[in-house]
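Each remark here refers to the structure printed beneath this line.
Note on naming: letters A, B, ... go to the chains in the order of the sequence lines (proteins, then strands), and numbering restarts at 1 for each one. The structure presented is a predicted model; accordingly, all values stated were derived computationally and were not measured.
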2 protein chains.
Amino acid sequence: MAETTAASPKATSKKMRRQEAEALILSAAEKVFAEAGFGGATMQLIADVAGLPKANLHYYFPTKELLYRQVVQKIFQIWLQAADIFDQADGPEEGIGAYIDAKMEISRRHADGSKVWASEVMHGAPVIQDYLETTLTDWTNGRIEVIERWIAEGRMAPIDPRHLLYMLWATTQHYADFGHQIDTLNGGSPLNDKQWEAAKTNIKTIILRGIGAVE
Amino acid sequence: MAETTAASPKATSKKMRRQEAEALILSAAEKVFAEAGFGGATMQLIADVAGLPKANLHYYFPTKELLYRQVVQKIFQIWLQAADIFDQADGPEEGIGAYIDAKMEISRRHADGSKVWASEVMHGAPVIQDYLETTLTDWTNGRIEVIERWIAEGRMAPIDPRHLLYMLWATTQHYADFGHQIDTLNGGSPLNDKQWEAAKTNIKTIILRGIGAVE
DNA sequence: GGCCTTCCTGACCGTATGGTCAAATTCAGA
DNA sequence: TCTGAATTTGACCATACGGTCAGGAAGGCC
């Protein structure tokens, strides 16, 4: 998706619609923010990646911080989408298993976004603190209820739902955030399809058995 | 440890020994790099935190990059120390259990360092790539051998050791790197002793049962 | 005390950065 | 074709940053 929009820069017409210009810039910004962090990223570099003059960026996004904020919000939306899978499931094996699959897919397809999010939270969430306190808190509490119900129904062991969620987030996002380290330990090459499948399988095996959702 | 050195800034004498001055600066730098990232950190801010004039920093650490490199190396040493526990263990339950404890303790006591490391790796490890390729690769391969032996001896299920290690790293470091998110979801307060214990217990329960090292 | 090494620091410099602006360009609709 | 709103852009600005340097201060040692 990120490549899709970025791969079609200023083709025929010289004037862009607001929508596609913003998408192009957001895509470039996501990449640069992921690689350099907020402080290390420069508007000039983002402009170069987007193939636009710097002044044009400021036309669509008045300040660097505003641009950054939109990038983070974009990720958060994707992040939340994986939530649906959780609710629609019948039990822990299906629900948590599918959630792991979904989050691993996000780690693979939206690695840059994941890094931006991680960076933001690591630095104390200066721009999305309100999201953490509202949306994320609500989402978390909702999922805790679901897990507690599963436990009450005897469908999994009495694990603290909160720490289980942290483990799910940590493990899946690790493949995006620490992708470079994993690639290095993989001989310098990114994981191939088979290895991604192996990763998902291993995680699901350990966690689902670990919480007593499977034998 | 970080606080110990930082808590005794220029008391009586005006002149510091190289060793204590460097320790003071490294401690301040770790904090600032963790909060702002490499690009976002400024020598001026580090100097302010250390309580020294900026020019004094450049006396001990000629460039920002050199200072940063030393901070990262310092963390890496601590990181590797937790390895010993792994080897001295008799089996997976003891070895991995103790490793989780040790890494959780590091996450709690050296949260800033962990964040600096995470930031560095996330941005492609520009300054410690050689460490990843040599020391970390060797360490990882050594641990994989140990785990494979345990599997061969039937003391745990046939899990891919590599992905198990990633899960251990991810889960334990999450409590440092995403500490702010966890604190927010905890009502805005840091985890207390009891909660840290609960976290450790939950992680050990899930993983040790998940890999078939306990019933 | 005299000397020399080490340490300290205010003032300074070149550069790069985020952001501004006014003039030019494009294009849809009347 | 004309008009006006939307878009594009090079040139420009003030600031903040990493780093330098020369001169001063401390303190160990004879």
Side-chain angles (χ1 to χ4, degrees), chain A residues 5-6 8-33 35-72 116 119 123 126-127, chain B residues 5 8-33 35-72 116 123 126-127:
Chain A
T5 43
S8 64
K10 47 174 185 160
T12 45
S13 104
K14 262 201 170 183
K15 217 168 165 180
M16 296 174 97
R17 288 158 186 278
R18 200 163 194 107
Q19 203 179 357
E20 56 179 318
E22 286 179 352
L24 174 65
I25 294 168
L26 282 172
S27 174
E30 180 177 293
K31 197 177 203 169
V32 175
F33 281 134
E35 280 172 4
F38 178 80
T42 69
M43 293 297 270
Q44 185 60 62
L45 186 54
I46 295 171
D48 291 347
V49 171
L52 299 172
K54 191 182 63 148
N56 205 349
L57 260 66
H58 280 101
Y59 174 74
Y60 288 102
F61 300 93
T63 69
K64 182 183 174 185
E65 197 174 318
L66 226 61
L67 172 56
Y68 174 73
R69 186 186 291 267
Q70 298 229 23
V71 170
V72 174
V116 175
S119 226
H123 299 348
V127 320
Chain B
T5 45
S8 63
K10 47 171 185 161
T12 45
S13 100
K14 260 200 168 182
K15 219 168 164 180
M16 295 176 99
R17 290 159 185 275
R18 198 162 194 106
Q19 204 180 356
E20 56 178 319
E22 287 179 353
L24 174 66
I25 294 168
L26 281 171
S27 173
E30 181 177 293
K31 197 177 203 169
V32 174
F33 281 133
E35 280 172 5
F38 177 80
T42 69
M43 293 298 271
Q44 185 61 61
L45 185 54
I46 295 172
D48 291 347
V49 171
L52 299 172
K54 189 181 63 149
N56 206 350
L57 261 65
H58 280 100
Y59 175 74
Y60 289 103
F61 301 92
T63 69
K64 182 184 176 186
E65 198 174 318
L66 226 60
L67 172 56
Y68 174 73
R69 187 186 290 268
Q70 298 230 23
V71 170
V72 174
V116 175
H123 299 345
V127 319

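- Among the nucleotides dG19(D), dT9(C), dT8(D), the one closest to any side-chain atom of Asn56(A) is dT8(D).
- The side chain of Lys64(B) has dG18(D) as its nearest neighbour among dG18(D), dT8(D), dG18(C).
- Closest to the Ala55(A) side chain, of the nucleotides dT8(D), dT9(D), dC7(C), is dT9(D).
- Going from atom CE of Met43(A) over to atom P of dT15(D) covers 20 Å, rounded to whole Å.
- Under the rule for a ring-ring contact (aromatic ring centres under 6.0 Å, His included), the partners of Tyr68(B) that lie at least two apart in sequence or sit in another chain are Phe33(B), Phe38(B).
- Atom CG in Leu57(A) sits about 14 Å away from atom C1' in dT20(C), given to the nearest Å.
- Here dT20(C) is the nucleotide among dG19(D), dT20(C), dT9(D) with the atom lying nearest to any side-chain atom of His58(A).
- Expressed to the nearest 0.5 Å, how far CE of Met43(B) lies from NE2 of His58(B) amounts to 3.5 Å.
- Sequence order on DNA chain C of the closest nucleotides to Ala21(B) and Lys54(B) puts Ala21(B) first from the 5' end.
- Within 4.0 Å (heavy atoms only), Ala41(A) reaches sugar-phosphate atoms of the nucleic acid but no base atom.
- One interatomic measurement links the two molecules: CD of Glu20(A) to P of dT7(D), which rounds to 11 Å at whole-angstrom precision.
- Interatomic distance, Arg69(B) CZ to Lys64(B) NZ, rounded to the nearest 0.5 Å: 14.5 Å.
- In this structure, the nucleotide among dC8(C), dG19(C), dG18(C) sitting nearest to the side chain of Thr42(A) is dG18(C).
- Rounded to an integer number of Å, the gap from Phe33(B) CZ to dG18(D) C1' is 12 Å.
- In this entry the distance linking CD1 of Ile25(B) with P of dC7(C) reads 11 Å, nearest Å.
- Counting to the nearest Å, the C1' atom of dG19(D) and the CG atom of Leu66(B) are 13 Å from each other.
- Atom C1' of nucleotide dG19(D) and atom OH of Tyr68(B) are separated by 20 Å, given to the nearest angstrom.
- Side-chain nitrogen and oxygen atoms of Tyr59(A) include none within less than 4.0 Å of the OP1 or OP2 phosphate oxygen of dG19(C).
- The two residues Ala41(B) and Val32(B) have their closest heavy-atom pair at CB-CG1, 3.7 Å.
- Distance check, rounded to the nearest 0.5 Å: NZ of Lys54(A) to CG of Asn56(A) gives 12.5 Å.
- What separates OH of Tyr60(A) from C1' of dT8(D) is a distance of 8 Å, to the nearest Å.
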For this session: Output, in order, the C-alpha distance, side-chain angles, deciding distance and verdict of side chain to side chain contact (heavy atoms under 4.5 Å, CB included) for Leu52(B) and Leu24(B).
Result: CA-CA 10 Å; Leu52(B) 299 172; Leu24(B) 174 66; 4.2 Å; yes
Exercise. In dot-bracket form, how is DNA chain C paired, counting a Watson-Crick or G-U wobble pair only if both its distances are under 3.5 Å and using | for bases paired to another strand?
Worked result: ||||||||||||||||||||||||||||||
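- The main-chain N or O of Leu26(A) is never found under 3.5 Å from a side-chain atom of Lys31(A) such that the two would form a donor-acceptor pair.
- Between Arg18(A) and the phosphate of dT7(D), there is a side-chain N or O to OP1/OP2 separation shorter than 4.0 Å.
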